[in-house]
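Written out below as structure tokens is the structure these notes cover.
Computed from a predicted structure; not experimentally measured. Labels below follow one simple rule: chain letters A, B, ... track the order of the sequence lines, proteins then strands, and each chain is numbered from 1.
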There are 2 protein chains.
Amino acid sequence: MPEATGQAAPKAKRPTRDQRREEILAAATRVFGSKGYHQGSLVDVAAQVGITHAGVLHHFGSKDKLLWEVLEYRDRVDVQHLEGKHIPGGIELFRHLVTTARQNAERRGIVQAYAVLTGESVTDGHPASTWVAERFSVLRGEISQAVRVLADEREVTLPEGEPERAAAAVIAVMDGLQLQWLLDPAAVDLASGTEFAIESILTATLGAPVRIAAS
Amino acid sequence: MPEATGQAAPKAKRPTRDQRREEILAAATRVFGSKGYHQGSLVDVAAQVGITHAGVLHHFGSKDKLLWEVLEYRDRVDVQHLEGKHIPGGIELFRHLVTTARQNAERRGIVQAYAVLTGESVTDGHPASTWVAERFSVLRGEISQAVRVLADEREVTLPEGEPERAAAAVIAVMDGLQLQWLLDPAAVDLASGTEFAIESILTATLGAPVRIAAS
DNA sequence: CCACACTTACTTACTGGTTAGTAAGCCCGG
DNA sequence: CCGGGCTTACTAACCAGTAAGTAAGTGTGG
């Protein structure tokens, strides 16, 4: 809090443009996460920041643009989290996936946002559909590459398309478990379930037991 | 107005109550499937049947009730499909799951409806959330039971909670693959991907190779 | 066998609510 | 003193649900 002598008004300092934008993005993530994009309104978002919905539009122009920036924002934060640690490859990637699942069990909001937006995105003409499709595509690429690294290490040759199939299955099981966990957290253990499923898929793909130790 | 001679009028006969209800349920399945529950309106549904939205409300009372009946309708149709063939158990159940996946690849609309509603259902207070949660619960029960049957057949004893974990993983991988397939049908093969993933999970659970032959 | 009573299946018209987006102006800080 | 950040006020569209009226059937008593 600034200014003791000058004018010690208890008035809150007006945030800078970038601060406000970040506040709004965080609020929009919460709102779209808990209510979905269509059901979550700009009024909801604005209320969480303490302004009106017109104020939000002043910063982002339209609801669609806000959604796009929310998605980019999520990517930026996720990458920031790995800063310097370079994208892991081989077995390290799968360790990272399990670790993420473990962390996600403590961040229900983010998991919910991801699940809701992903599900919504398969509706006709949804503004996030290309983003989600692209995200899946990139993930499949990275994971199938890691599978190939493991295969090389163990000197097994995989049939054409097998790494991609395994990659799709790994992503699928993670998303699917999140869905079940969101609807009934007691029935599914996110971390151990993810680890078990990934190990199963890798073991079957490589033809030899694969273990993912603690990170 | 009518009446020329006798009454050879080419006038369309008014459908019976039950016919109309079925028409509306089918239309609602398409609408909620392609646009989601919140974004799909009663006007959309009504237009597909050639009546007004008030006509739809005459039959179903409210939008929420319509959704509930759509979900029940889906169950009824699915079960009808298995009529007489009793709910399969043991390896037969997994064969059935793969067969369903193969059929689903030809029924995009239904898969989309299921994916959209499931994703939407994790939003706060969604009218379908208890239905989806219940469905997951029942499926986990049936599949974990089938896993136990397989374990007994092979005389292996499974750790506490292991069948449930495998069941959750099987459901997860099916749902997740559907999502990826909807967004990029060329990147994922629904039938073979499902078969591969289920075999991987069962093999890892039972400690011995499990194959799912053609049904 | 048919007229009258009643029910069913809607339509039209409206209500109250919510939505995204626009326009104009106010106010504060640098 | 001026410009960005915001509010207030508004619009046009759309929504679910209600109410009342109407036309087309169905059942029934005479």
What distance do B:Glu164 atom CD and B:Ser144 atom OG have between them, rounded to the nearest 0.5 Å? 4.5 Å
What is the distance from CZ of A:Arg17 to P of C:dG30, rounded to the nearest Å? 17 Å
Quick one: label A:Leu57 by what it contacts on the DNA or RNA (base, sugar-phosphate, nothing), any heavy atom closer than 4.0 Å. base
Could you state the atom-to-atom distance from CZ of A:Phe60 to P of D:dG5 in whole Å? 12 Å
Between atom CG in B:Asp64 and atom P in D:dC15, what is the gap in whole Å? 16 Å
Under 4.0 Å: is that the gap between some side-chain N or O of B:Arg20 and OP1 or OP2 of C:dC10? yes
What is the distance, to the nearest angstrom, from the NZ atom on A:Lys35 to the C1' atom on C:dA20? 15 Å
Answer yes or no: does a side-chain N or O of B:His59 lie under 4.0 Å from OP1 or OP2 of C:dC10? yes
Spacing of B:Lys63 atom NZ relative to D:dT18 atom P, expressed in whole Å: 15 Å
Distance check: side-chain N/O of B:Arg21 vs OP1/OP2 of C:dA9, anything under 4.0 Å? no
Looking only at D:dT7, D:dA16, C:dA9, the nucleotide nearest the B:Leu42 side chain is D:dA16
B:His58 side-chain N/O to C:dA9 phosphate OP1/OP2 under 4.0 Å: yes
Does B:His53 contact D:dG17 through a side-chain donor or acceptor facing the base, at a distance under 3.5 Å? yes
B:Leu66 CG - D:dC15 P separation (whole Å): 15 Å
When A:Val43 and B:Ile51 are each assigned the nearest nucleotide of DNA chain C, the 5'-most assignment goes to B:Ile51
Under-4.0 Å side-chain N/O to phosphate OP1/OP2 contact, B:Ser41 with D:dC15: yes
Is there a side-chain contact between A:Phe32 and A:Lys63 in this structure, where contact means two heavy atoms from C-beta onward sitting under 4.5 Å apart? yes
Find the distance A:Gln39:CD to C:dT19:P and express it as a whole number of Å. 8 Å
Check A:Pro88 against A:His96 and note the closest heavy-atom contact, atom names and distance. CG-CB, 4.0 Å
Salt bridge check, B:Asp44 against B:Lys35: does any charged N sit closer than 4.0 Å to a carboxylate O? yes
Atom CD of A:Gln19 and atom C1' of D:dC6: how far apart are they, to the nearest Å? 16 Å
Pair B:Arg102 + B:Asp189: basic N to acidic O under 4.0 Å: no
